[in-house]
Each structure stands twice: as C-alpha cells, then as structure tokens.
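Structure, as structure tokens:
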Amino acid sequence: MRTVALSVSLPSGYTALWSPEHVASGGLTEVAGLVRELQAGPVPVRWVVWSAGDLRPLVEAGVRFERLWDCAEAHRLREGSWRAGPQEVWCAVHDLDPEGAPAGPRDDLFDFGERDDTPAAPESLTTPGGYLRADAVAGRWQEAVLPHDPTRLVQWARAAFDVGARQQEALATRGPTELATAFSESAASLLCVELERFGLPIDRATMSDLITTSAGPRPASLQAELEHRAARDATVLRLVPGQERTDLRNPAQVRELLLAAGIDVPNTRKWTLEAFRDTHPVVPALLAWRADERIATTYGWRWLDAHVGADDRLRGRWSACDGAAGRMTAENGLHNLPAALRPGVAAAPGHRFVRADLGQIEPRVLAAVSGDEAFMAATRAQDLYAPVAERLGVERSVAKVAVLAAMYGQRSGTAGEALAGLRRAYPIAMRLLEETAERGSRGESVTTFGGRAVHTAPRAERGMQAPPPVAAARGRFARNAIIQGSAAELFKAWAATIRATTADLGAEIVLCLHDEVLVHVPEEAAQECAQRVDQALHDAARRWLALRGRDEGVRFVADVSVIGRWSEAKG
DNA sequence: CGGTGAACGTA
DNA sequence: CGTACGTTCACCGA
C-alpha cells in the first residue's frame, strides 16, 4: 500500500500531492489525471486528506478515489470529539492545548488571553509554539501565492501526511479494531462527498403532484399563497364555532381551541391527540392539517426549488458522523422526507434502485457488542425474536417489546416480567446494557464496538456533543449510544463495501438512511447489483465481527429489492 | 436580532 | 413507551 497526501486549495482548485517518494502539484484537470494514473498502477494507493470534504472539487470533476485516510474522522474516533478542524487534529497528535492556538480571523473577538500568534517565519507553516498558523488553517496562506508558487500547498499536504501517519500509529497501538474503524469511517466520509455530488433522483412531475395535494398548487403570488393557507386553516377552524381566530401554529392557542371542543390536554402533540381521534372531529382534522402544513412549509414548493437541481436530483450536505454516537446525517430533507413523498423519489429512465435495509439490526448488534453466546445463537435465525420468545416461553410480540425495552432503557409499559426472563436467559447481554447505563449515569465515557469513544458528560473543550443533564437520561443515552453507534459502524462498513464492489456496474449510492441504502444503477445491471449488495453485507459483517473475534457467531440479514420508486419498498 | 422550546418528519 | 438528527415556527428578551 502506498500512501499519498493530497490538498486542494480554494478557490483556485490548485492541488498538491505529497509522499516520501513523490511530490507533485497542478490544476484540477492535471491532478485528476495524475490521481487516475496512480490508482491504475500496480500498488494500491491510500489518499491522506485533512478532511474528505477537501476532495469535493476533484470529486465534482468526476474523480473516483478508492481508499482514503480522513484525518478529521480519525480524530473524532480517537477523541470522541466533534470539532475536528486541522488545528484541533494537529494539536491532538502533537499534545498541544487547543486553547493556546492562534486565533482565526473571526474567532474570539473578546479573547485577550495569551495566544501564540506569529508564525516563526513567513514561509513557516507553524508558530514558535508548534501550532499551525491561523492563515494556513483558513487556507489563505497557501492560496495567496498560487499558482506560481505551490510550495506552501505542498507543505500543507505534507503536514496532513504527517498527521495521518501519527494517527495511524496511535490507533494501531490501541489494536486493530480502531484502525479498521478509522479506515471505514474515512470511506464513509468520502461516500458523503459522492452523495453530495450524485444527489437523490426525483421524479419532478410526481413530486409536484404530491406537493399540490398537501400544499395546494404552486402559488402565483404571495396573496395566492396566503389565501390557500387561510383555506387550509379553515378546514380545522370551522369545526369549532367561536374559535375561528385561533392561530393553529401557536400550541397554546390550539390548546384553547381544543378546550372549547371539550378536550383538555397537557400538550397538543400528535401522540397525545391520537387518543382523542374519535372524541371530536376537530382532532383528526387538526392532525391532517399538521401533516399538510409540514409538507407545505418544509417540503413544499420552496424546498423543491431550492434543493432539487435542474437535473432532478435532491441535494444536501452529508456528514459521516453526528455528534453523539456516530451516525450519518443529511440536510434538506434527505433524512426526514415524509413517507407520503416517497413515490416522488424515482430512478431515472433506464435505471433502477437497488434498495436494501438491515433487518433487526439493533438486537443483532447487541449480540456482537456483548458477546453473549446465547443471544448470538438467536441471531442465526432469520427472525431473531422467534428463538428469544421460545426461550422465554412468551409470545413473539412480548419478546420483541422486552428486547427493545432492555436496549432503550424503557421505564413505562408492561415489559417487566419478560425483562426478568431476559436477564436469566441472556445475562451477559443484559449486564452489558445495565453496566453501560450505570457508566453513563456517572458521567463516564463508553465505547462502541469499533472503538469510538462516546462521552456522556461535558468536557473542557467547546463544540462537544451536548449530553443530557440528569443521571437517568445520561444512562439511557449511553445505553443507546453503544447500540446505535456500533450499528452505524457496521452500516458504514457495509456501504463502503457496496461502493467498492458495485462501481464497475455504474452504480451510485444515492441515499444512506441509518440502516437502509438506495443504490441507483443502470437497469441491465440491477439484478447483479442486488446480489452484490447482499454479498457486501456478509463480507463487511465478517470483517467487522472479526475485529473482536465474533466472526462466526453473529448473523446479519438484509432485505434487498429492485424497485423503480422508493415507495415500492416493502412496508 | 439571536436563542429557545414545541412540534414533527426520519431511523 | 427509548435514543438520535434536521427544519420550521412562535415566543422571549435584548
């Protein structure tokens, strides 16, 4: 394996490559050719970058990177910290206090503390205190002398190379698990850049019809928009005479309206109102109004115009790792598009979607994380809850509720009896959950299967995840984080494997949704792609489980189908 | 004008 | 009934 660092400067797009054997620089097209040439060579290449997002201009230009080391993601994994700019990452590998770093142009206007601001020399990347100079972190220092002098950008790439090498060394001393997870997280980070480039295919005509149904036709004027809004409000307001002036967008006023209809509720949340669906016609009308209002305001015409491009692709920013346990996140509705709009997500002409989701991922992950032999045995069934129900001597539905209650720290409900049964049948898995919750309650950090540190209490650094304030909530947070976070790791390993093994089919991963993936592929390759998606799960799961010697014990299953619209997925 | 909480969509 | 996220809205206080 050959390691090459790569840095792109903006706005010029000038790019530098650095490795011990090879230094190069050039414009985007020139470097794009160089990257392809190196990747086509006999020795596989791993590209080292400060952050995969740096590659955006090259990815936009159609360059496909095969293997990556993303210093920011490696840092997040090591530190459990979300802030992972070059300075934070640099400080971590050099044992420097980030608080002493030179201030960027907009940082800390009122900070008059001791700071190490002046670079050692005009051409020095670092300050006498060993920090990165602030104008280099901002990219201005490198860009200022381009294109005639690429040496600063080369220095910047070389610094990333050095940081990446130090991170790999540090992670390797902790064992193979963390290193493998860092590779996988790097791949996910690169995948995010491609998700941003590809976008999610939209059938504009169908989506427009769906929006019309909920929000009304595209308004010709502001007045028309207001009129339609008033008409929508009237469908609810006319059901409670005397309350026509209620602002339906104000929960306090809605509560008054409901009171006038004889319904006294502590809040107006959907879950609370569901119980009163049959009490008064205003309740179902209000719930239907809310669903339409959601689409009208968040997923309406403005959303369509702002985020669906001329090529009929919905685009938003993707993040490989959220602030808590490490799931992927996305903006502009890519992760919370109402199910009612899913018919509007459709493969382009001549293409199909391969849709796949992981079945019962969380209990299967619990088996892997805990290493409970009995619970691992249950994962070998296609339906995990069947053997659990048999062992507990209860109905499947009871077993399912009990397992979910145990994993999420549920307090209410009637899972008590079955929970006791679970403790007897699967003591190791259940003890792991309880000990994790206790650690969380005490404000201690917990660790995912792949070695990500998850902090349950605030630390000195700024920009950290905001953990729940009370002990019980911290306990539930920790209990959930090891499951959710570990599941996210398996998912990302799976997605990265799909990306690597279906590229030759012309496949593009266009959506990742925690346990579900949508692959856009030319029609003639769809069946082959579906088979490879399934195979990718088995390969990724085996490698992932082997990190902790569980490769023969836990089974993961995927439901894979070839569809034309997202809504065709099984319910 | 910026921050906060309610509400609700997804998993 | 548990957790996480992103988005919009009204309200609050400066």
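Residue numbering restarts at 1 for every chain, and letters A, B, ... go by the order of the sequence lines.
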Exercise for review: Whole angstrom is fine here: how far is it from CD in A/Glu293 over to P in C/dC9?
Suggested key: 8 Å
Study note, to complete from the structure: With the side chain defined as heavy atoms from C-beta on, A/Thr268 is closest, among B/dA7, C/dT7, C/dA4, to B/dA7
Practice item. Find out whether A/Val345 and A/Phe353 are in side-chain contact, i.e. whether some heavy atom of one side chain is under 4.5 Å from a heavy atom of the other. Key: yes
Point to revise | Spacing between A/Arg229 atom CZ and C/dT8 atom C1', to the nearest angstrom | key: 12 Å
Exercise for review: For A/Ala330, report the nucleic acid contact type (base, sugar-phosphate, nothing); a contact means any heavy atom under 4.0 Å.
Suggested key: sugar-phosphate
Exercise for review: Could you check if a side-chain atom of A/Thr177 sits within less than 4.5 angstrom of a side-chain atom of A/Glu489, using non-hydrogen atoms only?
Suggested key: no
Check your understanding: The side chain of A/Arg269 lies closest to which of these nucleotides: B/dT10, B/dA7, C/dG2?
Key -> B/dA7
**Study point:** Check: A/Arg327 side chain, B/dA11 base, donor-acceptor under 3.5 Å
**Key:** yes
Review point. Between A/Met407 (CE) and B/dA11 (P), how many Å, whole number?
Key: 17 Å
Study note, to complete from the structure: Here the distance between atom C1' of B/dA11 and atom CD of A/Gln484, to the nearest Å, is 8 Å
Practice item. Report yes or no: is the cationic atom of A/Arg391 (NZ for Lys, CZ for Arg) closer than 6.0 Å to the six-membered ring centre of A/Tyr426, at no more than 45° off its axis? Key: yes
Practice item. In whole angstrom, give the distance that lies between atom CZ of A/Arg342 and atom P of B/dG9. Key: 13 Å
Check your understanding: What nucleotide, of C/dC9, B/dA7, B/dG9, holds the atom closest to the side chain of A/Lys270?
Key -> B/dG9
Exercise for review: Whole angstrom is fine here: how far is it from CG in A/Leu287 over to P in B/dA7?
Suggested key: 12 Å
Revision key, fill the gap. Closest to the 5' end of DNA chain C, once A/Trp271 and A/Asp322 are matched to their nearest nucleotides, is A/Trp271
Practice item. May I have the distance from A/Asp357 (atom CG) to B/dT10 (atom P), rounded to whole angstrom? Key: 15 Å
Exercise for review: Measure from NE2 on A/His335 to C1' on B/dC8 and round the result to the nearest Å.
Suggested key: 17 Å
Check your understanding: What is the ring orientation for A/His335 with A/Trp318, classed by angle as parallel under 30°, tilted 30 to 60°, or perpendicular over 60°?
Key -> perpendicular
